[in-house]
Protein chains: 2
Amino acid sequence: MPRPRTFDEDGAVDAAMRAFWTAGYEATSTQDLCDATGLGRSSIYNTFSSKRDLFDRALRRYVDQFTAAQLEVIQDADVPIRERVRRILWTAVEPDPVDPAGCFVINTIVELGPKEAEIVDLLDRDHEVKLTALTTAIEAAQATGEVDSEQDAAGLATYVFTVLGGLRVAARRNATPESQQAVVEATLRSF
Amino acid sequence: MPRPRTFDEDGAVDAAMRAFWTAGYEATSTQDLCDATGLGRSSIYNTFSSKRDLFDRALRRYVDQFTAAQLEVIQDADVPIRERVRRILWTAVEPDPVDPAGCFVINTIVELGPKEAEIVDLLDRDHEVKLTALTTAIEAAQATGEVDSEQDAAGLATYVFTVLGGLRVAARRNATPESQQAVVEATLRSF
DNA sequence: CCCATTTTGGATCGTTCAGTCCATAACGTG
DNA sequence: CACGTTATGGACTGAACGATCCAAAATGGG
């Protein structure tokens, strides 16, 4: 009868996610991962085949969680589109204080984008899902007259996510909500 | 009589700048720096006291060059403000093809921001210079009626740089100019 | 109680890391 | 030609890296 595992795999991936999110892939050592997860290196290598495999798992976990949360906001047809966009942008201005600074996806694109095509593919597909959802929501808002029909819905959606990216970068150097509020307001003028 | 140095210090810093800009601080080894600069490790350690010292020099060089170029555009009073902002944003959409992807400053903020306060201070000061210059330019444009006087000039300037940051992130995953053009157009609606 | 299987702790491996060391090279002066 | 000084090439150091190994632990069934 095998020895029962004493840790929760999802909990370990979550802890690793936060370590990678904070420091980045290269600067997070296997010892850091042991410390963050509370596991020995044999347990880590027994469960995940490599540091890189754990990183991929962590990134997918982040994408699943945060994309689901964002889609929920985007697709809430009971809320005016302007308020939905405001809420999305505000998550970058006033994030959950227990979370590391910025966005794990943005950090990874910047750190690994030029050399890890597989990771970029994964994140591009995720981005496409969110972009399509927001474009659809904007088109629906254009149909009801909430948003100017002359505007390109897909371009507007790309614009919102670009601003979001910029806000996430600002969060990495601890820009204050006060200084970023004007950015949200300026962005919302398109809605 | 001492042996004459056979390399150009600025050229070496420039080469190192491109290596760090491409891969980031952690993922650029001292061997990578030797390869990029064409120098031996004794020459590098003889001239720069450490890898980190060379990184700081490279970052300052980037900041000096690109800030000077940006200020030149921002402060050209012969050009309408809208066109000046368009030019700034366009440098991220269609950068010099020989340059690494994205922006060395943005990459560094994301990679090192949470743990290197000195680097953040340096980059915040640089950011403040550009922000002040653009705010002053926007205020001048408001005085001539080019820009709506009701708008907060500093907020508008912060907004432009945030969008620029987002465009730089998109460049790290090779987003096409076509997809980013709509972002520039949407941003310019505030001008 | 023994067994087979899986998990765990932590020592260890081979490689790479940033940085140092040492012998040699390149000068112009005396 | 020798000297003193600085630069250079590349071998080397000690530490850290990601990953592997091995002994011990933890189980339930027979």
Side-chain angles (χ1 to χ4, degrees), chain A residues 1-61 104 107-108 111-112 114-116 118-119, chain B residues 1-60 104 107-108 111-112 115-116 118-119:
Chain A
M1 194 43 134
R3 176 170 168 168
R5 194 175 272 182
T6 59
F7 70 92
D8 169 41
E9 193 168 320
D10 279 348
V13 173
D14 197 270
M17 179 186 84
R18 290 170 187 282
F20 283 127
W21 178 354
T22 298
Y25 178 75
E26 293 286 345
T28 305
S29 68
T30 46
Q31 185 56 49
D32 291 333
L33 294 169
C34 290
D35 295 339
T37 58
L39 303 178
R41 55 190 71 249
S42 288
S43 298
I44 290 186
Y45 282 94
N46 185 48
T47 310
F48 315 100
S49 56
S50 63
K51 176 184 169 185
R52 170 62 191 268
D53 182 47
L54 179 48
F55 180 83
D56 287 348
R57 291 282 300 271
L59 192 57
R60 285 179 202 275
R61 181 174 180 83
F104 189 12
N107 300 350
T108 300
E111 183 186 6
L112 303 176
K115 66 190 182 190
E116 297 291 348
E118 283 177 34
I119 287 183
Chain B
M1 192 42 135
R3 176 169 169 168
R5 192 175 275 182
T6 57
F7 69 94
D8 169 41
E9 192 168 321
D10 280 348
V13 174
D14 196 272
M17 179 186 82
R18 290 170 187 282
F20 283 126
W21 178 355
T22 297
Y25 177 75
E26 295 285 345
T28 305
S29 67
T30 47
Q31 185 55 51
D32 291 334
L33 295 170
C34 291
D35 295 340
T37 57
L39 304 178
R41 57 189 66 251
S42 289
S43 299
I44 289 186
Y45 283 93
N46 184 47
T47 311
F48 314 101
S49 56
S50 63
K51 176 185 171 184
R52 171 59 192 270
D53 181 51
L54 179 48
F55 180 83
D56 288 349
R57 291 280 301 272
L59 191 57
R60 286 178 203 276
F104 189 11
N107 299 350
T108 300
E111 184 187 4
L112 302 177
K115 67 188 182 190
E116 297 290 348
E118 281 177 36
I119 287 183

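Below, read A as the first sequence line, B as the second, and so on, with proteins coming before strands; counting in each chain starts at 1.
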Inset, instruction - Round to a whole Å and report the spacing from NZ of A:K51 to C1' of D:dC17. - result: 8 Å
Legend entry - B:T30 side chain near B:I44 side chain, heavy-atom distance below 4.5 Å: no
Inset, instruction - Would you classify A:S50 as touching base, sugar-phosphate or nothing, given that sugar-phosphate means primed atoms plus P, OP1 and OP2, and contacts are heavy atoms under 4.0 Å? - result: sugar-phosphate
Legend entry - Side-chain heavy-atom pair B:R41, B:Q31 within 4.5 angstrom cut-off: yes
Inset, instruction - Check every atom of D:dA7, C:dT8, C:dG19 against the side chain of B:R3 and return the nucleotide holding the closest atom. - result: D:dA7
Legend entry - Nucleotide nearest B:Y45 (side chain, heavy atoms from C-beta), chosen from C:dT20, C:dA11, C:dT8: C:dT20
Legend entry - Donor-acceptor side-chain pairing of A:S29 and A:D32 below 3.5 angstrom: yes
Legend entry - d(CD, A:E26; C1', C:dT16) in whole Å: 12 Å
Legend entry - d(CD, A:Q31; P, D:dA15) in whole Å: 17 Å
Legend entry - Among C:dT8, D:dG18, D:dT8, the one nearest B:N46 by side-chain distance: D:dT8
Inset, instruction - Would you please classify the geometry between the A:Y25 ring and the A:F55 ring as parallel, tilted or perpendicular, with 30° and 60° separating the classes? - result: perpendicular
Legend entry - Atom pair distance, as rounded to whole Å: CD1 in B:I44 and C1' in C:dC17: 14 Å
Legend entry - Sugar-phosphate only, base, or nothing, as touched by B:F7 at under 4.0 Å among non-hydrogen atoms: sugar-phosphate
Inset, instruction - May I ask you to verify if any side-chain N or O of A:S42 is less than 4.0 angstrom from the OP1 or OP2 atom of D:dT20? - result: no
Legend entry - Nearest-Å distance for atom pair CZ/C1', residues B:F48 and C:dA18: 16 Å
Legend entry - Interatomic distance where CZ belongs to B:R52 and C1' belongs to C:dC17 [whole Å]: 17 Å
Inset, instruction - Report yes if at least one side-chain N or O of B:S43 is closer than 4.0 Å to OP1 or OP2 of D:dT8; otherwise report no. - result: yes
Legend entry - Spacing between A:L33 atom CG and D:dA16 atom P, to the nearest angstrom: 17 Å
Legend entry - 5' precedence on DNA chain C between B:D32 and B:P2 (nearest-nucleotide basis): B:D32
Legend entry - Touch class at under 4.0 angstrom, heavy-atom based, for B:T28 against every strand present: sugar-phosphate
Legend entry - Whole-Å distance separating the CG atom of B:L39 from the P atom of C:dG19: 16 Å
Legend entry - For A:D56, all residues meeting salt bridge (charged side-chain N to carboxylate O under 4.0 Å, His left out), sequence neighbours excluded: A:R52
Legend entry - Options D:dT8, D:dG9, D:dG18, nucleotide nearest the side-chain atoms of A:S29: D:dG18
Inset, instruction - Give the nucleotide from the list C:dG10, C:dT8, D:dT8 with an atom nearest to the side chain of A:R41. - result: C:dG10
